[in-house]
**Student:** 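Below is a structure I'd like to ask you about.
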Amino acid sequence: HDRKTEGKCPLIVFYEKNGLERSHFSIEEPAEVVIQALKWNCNSELLAALVSCGQYDVIKIWSCSNNHWYLKQELRYTKNEGVKFSWDPTKPLHLICWTLGGEVIAHRFAWTTAVSETSVALVIDGPRILITPLHLGLMPPPMSLFFLAFPCAVNEVCFVSKNSKNHLTAYLSNGSLCVVELPATDTWEKFEGNGITVDPCHCDFSLNNSMHLTWIDTRTLIGICRFSDYCSSTPMRSSEAGNLEEKHDSLFFVNEIKLVCSEDCLPGSVSSSGWQARVSKRMPLEGPVIGVSRNPAKGGSAFIQLSGGKIVEYCSELRMTAPIQSGELCPDYDFPTSCPSMTAVPCHENGVVRTLLLGLDDSSKLHLGKRLLSNNCSSFTFYSSSYGATEQVVTHLLVTTKQDLLFIVDVNEIFLKNGQVTIDSHVNNHPRAKPSKEHITVWEKGAKLVGVLHGDEAAVIIQTTRGNLECMYPRKLVLVAIVQALVQRRFKDAMDMVRRHRIDFNMLVDYCGWKAFIKSAADFVNEVNNLSHITEFVCSIKNENVSGKLYEAYISFPEQCSSSMDSENLHGALSENKVTSVLMAIRKALEEQIEESSSRELCILTTLARSEPPLLEEALNRIKVIRELELHGVDDGRRKLYPSAEESLKHLLWLTEPEAVFNAALGLYDLNLAAIVALNSQKDPKEFLPFLKGLECLPPAIMRYTIDLKLARYESALRNIVSAGNEYHADCMELLNSNPQLFPLGLQLFSDPDKRHQILEAWGDHLFEEKCFGEAAITYQCCSSYQKSLKAYHACGDWRGVFTVTGLLNFTKEEILQLAQELCDEFQALGKPGDAAKIALEYCSDVDRGVGCYIMAREWEEALRVAYMHSRQDLVDTVKDAALECAALLISEYQEGLLKVGKYLARYVAVRQRRLSLAAKLQSEDRFMDVKDDNISEVSSSFSEMSAYTTRFVILPF
C-alpha cells in the first residue's frame, strides 16, 4: 500500500477472501521507496520483498509469529547489479538471487534459537534486538524486557557471557559491526521497558554478507565471508598484512576480528561506544560453511562445519585450520551429512571434561559425529544441573520428536550405549495419548524446544507454532536438581524445590539414607531456618522408603541407601524406627539451634506427636509446665517466649486423635489436665465428668489402678494395686488370673510366703488349663501342691515325675504297686510298650510282663538281656520265636511290595506309550492342516473379517 502522498512508508496489507483487511505492517523505509516484488516461500512461512531504495536495492525477508511480522534478513545490492530473486519451489528456506552481471547466489537459511547458556533470549526484529532473560520471566515475543536499537536492520547476532559480563555483537545489513557490553543479568530489571540505542563500532573495514558470527572469547570474534565480499576501506599496516593470506584459491574465508574498547564501562550500565574492531587473521576454508559453534572446553577455539558435515577446528593461535584428528574428541567426529543446527557443549565422561558436538539435519536425524542418536528429532537442547559453577557442564540431553513427545536422556547413557539412544523405541512402544514415565507429552502440536533454565530452576521452555512461550518442569530434572542440592548440602534450596514442585518430603531423608540424614539434622535445621517449613516436613515423614518407590523410575538412588532400606524392611521390628529417629534428631537440633519462641515450641510438639508411636505423654508434660507457669502467674521474659497452654493443647489435638490425647492425659494421673483435654476435644461433659469425678473420689493408688486398667497398662496397674494394701489382695489375684503374663512380676512384688504360694498355685492352674502339664507340675512343686503336681505329671505322661512325687507324698508300697500297674496298662494302651516294660520290671517286679512288653516294642536285644539276667530260658525261647515270626512277616511284606511296584511300572510304561503315540498323531494332523487349500483359505479369511455385530454366511462348494 503506497503512502507517498501522505509522506509515509509503504505498508504490506493482508486481505481476507471477501476483500476486508485482515492485518498490515510497515516496511520501515522512507516514503520514496518502491516495492518491486512480493513473494511467499513454498510453505508460506516467509515473505520476501524486493524494495528499491535511493542508492541500493534490498531484499527483505519477514516471518510472522504471535500476529507480529519480524524482519529477519535484509540483503543489500547496488543499483547497477539489478538484483532479482525467487524462492525455491520445493525447499522453503532456499532463496535464489541473480544479478544483471550473471552472478547467481543461492541463500540457504536456517532457523536458529538464540537462547544463550545463561538463558538469555534474543529476537531479531529489523533494526531492534529484543532481549529477555528467561530466568526473570517468560515474555513471549514481540514482548521483551528491553530492546537494543541499531541504525539499520540486524542480520546476525551472537552473545557470550563470562565472569558476570555479557557481550553482544550484531552484524548489520549495511556491513557494519556493533558491540554491546551488558552488566550481570541480575541487574537487568532496571532496564524493563527501555530501548537502548547502539552505535556502530569503529572499523577500518567493511563486511558484506558476513555469516556465522561467533565469539571465541570476550574480545575475539570469527565470521565467515566470501572472498569477493571482503574489502578494506583503508590501507592496512604491515603487521596486519602479514597475518592475512595473500594467495588463495578458496571462495570462503574465516575472518578473526579483534575488539578493543577505549572507554571504561560504568558498573551496572550498558556500553556500546568506544569499541574498535580490526581483522587480525583471514584464513581460507575448503568450501561453504553450514554452521559454527564455539568450543567451550578450549578458549580461542571454534568448530566449523563445512558442507557435507565435515568438521574443522579453528584455533586462534594457529595459522591455519585443520580437520579434527580422529579420536581427539570421539572415534569419528564428522557428521554424515550437513546439519544446519549444531551445538557444542561441555560434559563429563569418567570425571574428565570433554566437548560433545551434536547436529540435527534436515531429515530430523540427530547425530553425534557419525553416530545416529535419533532419526525422529524435531528439536533438542541441553540441561546442566551444576549450581554456582563458572562453566556449566551439561548433564542431560532434551529431545522432542515429531510425535510431540519430550525425552530427557542422561548424558552418561549416551556414552554407555553404542547404538541409538532409546528414544525411537519409546516412541514406538508408547502412543502419544498414553502416559509414560519415559517421556512427557507436549500438549501443543509442533512445539519446539527453545531453552532451559539450568540448575535449581530445572525448567524447560518450549515455543508453540503460534509463538507463545510455555514453561514446564519435568519431574526428572526437578529430582536431579534436588539430588544435586542434597549432595552439596544445600538443604534450604532442596526444601524450596520440594515444596514448590510438590515432591514427597521423604526425598530429603531417603536419598542418602535416614541414618546419614540424622548426622546432618543440625545443619538442616540451621540452614532451612523456617519453622513453618520444618513443621510441614515433620508432618510428612513416613516410616517406609517412599521416595525409592515413587521416583526410582526417574533417578537412581545410592546403593548404600537402597541396601539399608531393604534390610530395614526385612528385619522389621529389629531395626530402628526411621520416623522416631529422624524426628528425635530434628527435635534436638531445634532445641540447640533455634532460639526459644512460640513457633519453636509448637514445632517441637509436632515432632513428639508425629513420632511412631506418638510421644504424647512427653508432649503433655511440656504443656503441663506451661500451664503451671500460667497458674502461678509468672510473667517473666521466658514465659512470653512460649505459647499459651490452650494454644499448645489445640495444636496437639489437631495433630493426633483426641481420644489418644485424653488417654495420655489420664496416664499422667492429672485429672485436671484430662478435663481440659476433654473440653478442648469437644467431648460430651455427660460422659467424661462423671468418670473423672468418680476417679477423684478414690484413694490415690486405686485411682491410678483404675486408670491403668482403662488404659490396659497392666504392669503399672499391678504395682498400684499391690501398693494399695492387703485389703485389695483379691483384686490383685483377679488381675493376675486375667493377665497371666503378670505372674513373674507378681512374685517379685510379694515377699510374704503365703501370698507367693497362692500366686504360684494360680500360675500352675493357668498352665494346666493351657495344657502345659510339665511346667504346671514344676510350678505346683514350688508351692508344695504335690497332688496337683502328681496329676500334671500323669497328664503329660512323665512316669518318672509321677513316682518322684509319690515319694514326696509318702505313698505305701501297695499304693505304688497299684499305681505302677495302672500306668503299665495305660502305656500299653497308648502304644508305649517300652515305657510299660520299664515300669513292670522296676516297680511291679513282673519279668514275664516286662519281656512281653519289650517283644511288643520289638526291642529284641533288651528283651534278651532281661531274660538272661533273670536266667529264664523259657523267655529266651519266646523272644527267639517272636523274632523269627516278625522276620517272616517283614519278608512277606517286602515281596508283596515288589509285586505291586512291578505292576505299577508296567502300567506307567503302557500309559506313556499311548500318550506318545497320541502326540505323534496330533502333530501329523497339524501338518496336514497347514497345507494350502483355496476353500480353507477363503473360509478363514471371511471369518477373520467378522465383528461382534455382523453375521456372515459362507457357501462352500459341493
Side-chain angles (χ1 to χ4, degrees), residues 40-46 63 72 87-96 106-115 211-212 286-293 303-312 324 330-345 356-382 397-409 413-414 417-432 438-439 441-442 444-451 462-465:
W40 291 100
N41 68 340
C42 61
N43 63 359
S44 300
E45 187 181 42
L46 300 176
S63 70
K72 291 299 184 183
W87 288 102
D88 190 290
T90 58
K91 299 177 181 178
L93 296 178
H94 284 207
L95 179 71
I96 303 172
H107 296 274
R108 179 185 176 184
F109 300 106
W111 286 108
T112 301
T113 302
V115 177
M211 302 171 292
H212 306 296
E286 298 178 5
V289 175
I290 303 299
V292 179
S293 182
F303 298 118
I304 301 176
Q305 180 189 174
L306 304 180
S307 181
K310 184 178 181 181
I311 302 295
V312 295
I324 294 179
C330 63
D332 196 359
Y333 210 77
D334 294 342
F335 296 134
T337 184
S338 298
C339 296
S341 178
M342 181 180 71
T343 305
V345 292
L356 199 66
L357 186 62
L358 274 77
L360 179 63
D361 62 17
D362 292 330
S363 58
S364 301
K365 293 182 179 179
L366 184 62
H367 302 276
L368 173 61
K370 292 187 177 178
R371 175 182 165 193
L372 178 64
L373 295 183
S374 174
N375 56 11
N376 191 30
C377 175
S378 60
S379 63
F380 72 96
T381 187
F382 294 91
L397 167 67
L398 286 76
V399 176
T400 56
T401 65
K402 293 180 180 179
Q403 291 78 18
D404 300 311
L405 302 176
L406 171 62
F407 288 87
I408 302 173
V409 183
E413 294 183 14
I414 299 177
K417 296 181 180 179
N418 296 323
Q420 293 184 2
V421 180
T422 56
I423 296 172
D424 301 324
S425 61
H426 289 318
V427 171
N428 298 328
N429 296 333
H430 300 282
R432 186 176 188 274
E438 302 292 342
H439 65 257
T441 302
V442 181
E444 187 78 20
K445 187 175 182 180
K448 301 290 183 67
L449 290 169
V450 296
I462 62 174
Q463 188 170 27
T464 63
T465 53

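In this text, all values refer to a predicted model and were calculated from it rather than measured experimentally.
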**Student:** Between S374 (side chain only) and L366 (backbone N and O only), is there a donor and an acceptor less than 3.5 Å apart?
**Tutor:** no

**Student:** A side-chain contact here means heavy atoms from C-beta on lying under 4.5 Å apart; do P340 and D362 qualify?
**Tutor:** yes

**Student:** Just wondering, do T337 and K365 contact through their side chains at under 4.5 Å, heavy atoms?
**Tutor:** no

**Student:** Does the pair I304 and I311 meet the rule for a side chain to side chain contact (heavy atoms under 4.5 Å, CB included), with working shown?
**Tutor:** CA-CA 6 Å; I304 301 176; I311 302 295; over 6 Å; no

**Student:** Do R108 and I290 have side-chain heavy atoms sitting under 4.5 Å apart?
**Tutor:**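 Answer yes - side chains close enough.
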
**Student:** Just verifying a value: how many Å separate L95 CG and L46 CG, rounded to the nearest 0.5 Å?
**Tutor:**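 Rounded to the nearest 0.5 Å, the CG-CG separation comes to 9.5 Å.
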
**Student:** Can you measure from CD (E413) to CD1 (I408) and round to the nearest 0.5 angstrom?
**Tutor:**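 Separation between the atoms: 11.5 Å.
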
**Student:** Using the ring of each side chain (for Trp, its six-membered ring), is F382 parallel, tilted or perpendicular to F380, with breaks at 30° and 60°?
**Tutor:** perpendicular

**Student:** Show your reasoning for whether side chain to side chain donor-acceptor pair (under 3.5 Å) applies to T343 and S293.
**Tutor:** CA-CA 6 Å; T343 305; S293 182; 5.9 Å; no

**Student:** Working to the nearest 0.5 angstrom, can you tell me the gap between S44 OG and W87 CH2?
**Tutor:**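 Those atoms lie 11.0 Å apart.
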
**Student:** Restricting to non-hydrogen atoms, name the atom on A447 and the atom on I462 that form the minimum distance, rounded to 0.1 Å.
**Tutor:** CB-CD1, 4.0 Å

**Student:** For the atom pair CD (E444) and CD (Q463), what is the distance rounded to the nearest 0.5 Å?
**Tutor:**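 These two atoms lie 11.0 Å from each other.
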
**Student:** Out of D334, D361, N375, which one pairs with H367 under the side chain to side chain donor-acceptor pair (under 3.5 Å) rule?
**Tutor:** D361

**Student:** Counting C-beta onward and ignoring hydrogens, is there a side-chain heavy-atom pair between P89 and C42 closer than 4.5 Å?
**Tutor:**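 They are not in side-chain contact.
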
**Student:** Side chains of L406 and H439: closer than 4.5 Å at any heavy-atom pair?
**Tutor:**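 Counting from C-beta outward, L406 and H439 never come under 4.5 Å.
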
**Student:** At what distance, to the nearest 0.5 angstrom, does CG of L368 lie from CG of L397?
**Tutor:**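 So the gap between those two atoms works out to 9.5 Å.
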
**Student:** Is the shortest side-chain heavy-atom distance between K448 and W111 below 4.5 Å?
**Tutor:** no

**Student:** Measuring from K445:NZ to T465:OG1, what's the distance to the nearest 0.5 Å?
**Tutor:**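 Here the interatomic distance stands at 10.0 Å.
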
**Student:** Out of M342, R371, K370, which one pairs with F335 under the side chain to side chain contact (heavy atoms under 4.5 Å, CB included) rule?
**Tutor:** M342

**Student:** Compare every heavy atom of S363 with every heavy atom of K402, then report the nearest pair and how far apart it is.
**Tutor:** NZ-O, 4.5 Å

**Student:** Looking only at non-hydrogen atoms, find the nearest pair between P336 and G369 and report the distance.
**Tutor:**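 Scanning both residues completely, I find the closest heavy atoms to be CD-O, 3.4 Å.
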
**Student:** So, S338 side chain and G308 main chain: donor-acceptor pair closer than 3.5 Å or not?
**Tutor:**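 Yes.
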
**Student:** Counting N and O atoms only, with roles assigned by atom type, does the side chain of T381 sit under 3.5 Å from a partner on the main chain of L398, one being a donor and the other an acceptor?
**Tutor:**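 Checked: no pair found.
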
**Student:** Between L405 and T441, is there a side-chain heavy-atom distance shorter than 4.5 Å?
**Tutor:** yes

**Student:** Using only atom types and a distance under 3.5 Å, with no angle test, would you say the side chain of S307 pairs donor to acceptor with the backbone of P288?
**Tutor:** no

**Student:** Taking the side chain as every heavy atom from C-beta outward, state whether V399 and L373 have any pair of such atoms under 4.5 Å apart.
**Tutor:**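 When only atoms from C-beta onward are counted, L373 and V399 do not touch, as no gap falls below 4.5 Å.
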
**Student:** Between the main-chain N or O of A114 and the side-chain N or O of T112, is there a donor-acceptor pair closer than 3.5 Å?
**Tutor:**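 A pair under 3.5 Å: no.
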
